[in-house]
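The next block holds one structure in the form of structure tokens; read it before the comments.
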Amino acid sequence: METPIKKMNTTSKANERIAIAVIWAAAIFVLALLVSIIVHILFNGLPYITWEFLTQIPRNMGRDGGVSSTIVGTFLITIVAIAIALPMGIGTAFYLAEYTRENIVTKIIRFSAESLAGIPSIVYGLFGFIFFVISLDLGWSILSGGLTLALMILPTIIRTSEEAIRAVPVVFREVSYSLGATKFQTIFKAVFPSAMRGIVNGTILSIGRCVAETAAVILTAGSALRMPSSLSSPTRTMAVHFYILAREGISMENAYGTAALIMIIIFLINIVANTIVNRFIAKSR
Amino acid sequence: MGDISQPKFEIRDLKAYYSDREVIHGINLEINKNEILSLIGPANSGITTLLRTLNRLCDLNPESRQEGEVVLDGKNIFDHDIVVTQLRRRVGMVFDVPTPLPLSIFDNVAYGLKIIKMSKADTANQVEQALRMSALWEEVKDRLSTPGMSLSGGQQQRLCMARVLALEPEVVLLDRPCSGLDPISTARIEESLMEIKEKYTIVIAPHNVQQAARISDRVGFMLLGDLIEVDTKELIFSDPRDQRTSDYVTGRFG
């Protein structure tokens with residue numbers, strides 16, 4: 001017999017099917033979009049990535065030659081940025097998560113970090129230009145660019161690390177203390193290894209942003225094409241190179257080649273970082 | 001170690017608070033060397049708080065506060081010159097849910113030993129001894145480098161016990177250590193408790209009255225922050241002085 005309750009059940013079954021269809025459609029749409037972008041860039045860029053492209057410095061403003069100096073510049077700037085932002089960011093995250101209770105200071109830090117995360121990168125570029133390039137007289141250099149990017153990624157690193165640290169179960173801390181560990185030993189031996197995965201994810205995200213950044217870098221590291229000789233040399237990153245090649249119509253071929261290369265490098269960094277973390281975790285577990 | 005008549009712990013007029021709420025209302029209790037003392041009582045009796053006070057794990061909660069004295073071998077553990085990390089090595093704790101750290105079986109047991117920087121050879125030896133005492137050695141000796149979390153629940157809890165025993169504490173506190181375990185694992189843990197009481201003083205919150213009857217020398221009954229009475233288990237279960245104790249152990253409430 002058709003009671004009201006039974007009718008309810010049939011409608012909810014229909015709703016369930018519609019919901020599943022909508023969710024699948026959204027997922028497939030997004031996937032298709034991402035795949036088409038990647039395929040488009042690789043299809044147009046891969047043919048230009050040759051041994052010469054990777055090993056020669058750009059000639060004729062980038063019309064000829066390769067991109068070797070921009071690869072080196074990108075790596076150096078990213079390393080400087082990460083080397084500065086990672087210890088500072090993780091330190092701040094541990095301070096916020098472990099060493100204070102919620103008070104006015106933590107609120108200010110968190111509010112600043114969140115505001116900083118929302119500022120357009122060109123503003124960081126302008127600040128870096130005025131502060132590092134001019135006031136500190138570092139000039140257009142890898143150092144200025146790296147310092148500026150460090151400021152830019154700091155909020156991301158703080159937030160992802162803090163979340164990862166807070167996600168570590170309280171019992172791990174209690175166990176560690178109950179076995180006679182000090183606070184520092186507890187954080188270093190029990191909390192940090194468990195938070196590692198989240199911290200690395202934030203770091204990978206930040207590396208990606210450094211590699212892909214243009215506006216902040218062009219104002220602080222310049223756009224010189226020669227091979228950098230030290231951290232005080234100006235340089236051009238791959239992203240900036242791509243931007244200039246495309247915007248000034250110098251060479252769409254090399255622009256696509258550079259774009260494809262950026263994508264591949266970010267992809268490789270992801271794989272390498274994940275492999276290292278998995279090794280570390282497998283070992284420590 | 002002092003003479004045998006001196007109690008291991010002397011708790012004098014202990015009150016415990018969380019922020020402004022008094023959860024233990026002035027307890028007096030002596031805990032003898034090499035006995036198994038069970039603390040029974042319904043939820044909210046203050047048993048967990050009492051256990052966590054004995055090794056000052058309650059310090060981790062900034063809201064918590066204590067008054068009175070807890071004297072361990074003649075020394076009040078609330079004194080300012082007490083080194084809390086040393087106290088916790090002397091008074092170990094096994095928690096109610098098995099909590100292996102995300103480390104290998106070996107590293108879990110060696111955790112406290114690494115903190116006191118014991119040499120590698122000694123550590124290996126100590127880990128083996130501790131795993132034998134908690135009746136886990138035969139099951140894990142061939143896979144010490146696998147994750148502690150890969151063990152079954154009962155094995156995990158014995159791992160947690162080994163982790164405490166490795167430090168050769170003087171007192172072992174167990175807060176409902178068998179609450180999620182099957183009867184076989186529970187029996188294993190009870191057997192090892194009976195064995196190790198030769199060397200240690202054991203204070204346990206059993207997960208039910210029957211467990212208290214099986215393993216204890218003495219039993220204390222707590223209710224809503226008061227210690228109603230404490231006596232040998234024979235007296236508590238056959239002839240308690242307080243009606244509430246009688247009602248609880250016979251299952252009239254709880």
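Lettering follows sequence order; numbering is per chain, from 1.
Heavy atoms of other residues, nucleotides or ligands lying less than 6.0 angstrom from CZ of A/Arg159 number 12 at most. More than 12 non-hydrogen atoms from other residues, nucleotides or ligands lie less than 6.0 angstrom from CG of B/Asp122.
Residues of residues 174-192 of chain A that come within less than 4.5 angstrom of chain B, heavy atom to heavy atom, are A/Glu174, A/Val175, A/Ser176, A/Tyr177, A/Ser178, A/Leu179, A/Gly180, A/Ala181, A/Thr182, A/Gln185, A/Thr186, A/Lys189, A/Ala190 in numerical order. Residues of residues 150-160 of chain B having a heavy atom under 4.5 Å from any heavy atom of chain A: none.
At a 4.5 Å heavy-atom cutoff, the contact between B/Leu57 and chain A is made by side-chain atoms alone. For B/Pro62, the part lying under 4.5 angstrom from a heavy atom of chain A is the side chain only. Of the two parts of B/Arg56, neither the backbone nor the side chain holds a non-hydrogen atom closer than 4.5 Å to a non-hydrogen atom of chain A.
A donor-acceptor pair under 3.5 Å is absent between the side-chain atoms of B/Asp107 and the main chain of B/Leu103, judged by distance alone.
Comment: B/Glu35 does not engage B/Lys197 in a salt bridge, judged by the lack of any side-chain N to carboxylate O separation of less than 4.0 angstrom.
The side-chain contact (heavy atoms from CB on, under 4.5 Å) test with B/Arg90 is passed by exactly one of B/Asp73, B/Asn55, B/Val171: B/Asp73.
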Run the ring pair (Phe, Tyr, Trp, His ring centres under 6.0 Å) test on A/Tyr95 and A/Tyr99 for me, step by step, so that the C-alpha distance in whole Å, both residues' side-chain angles and the decisive distance to 0.1 Å come before the verdict. CA-CA 5 Å; A/Tyr95 173 76; A/Tyr99 277 94; 7.3 Å; no
Going through the distances and angles, do A/Glu162 and A/Arg166 end up as a salt bridge (Lys or Arg N to Asp or Glu O under 4.0 Å)? CA-CA 6 Å; A/Glu162 193 191 344; A/Arg166 285 192 191 277; 2.9 Å; yes
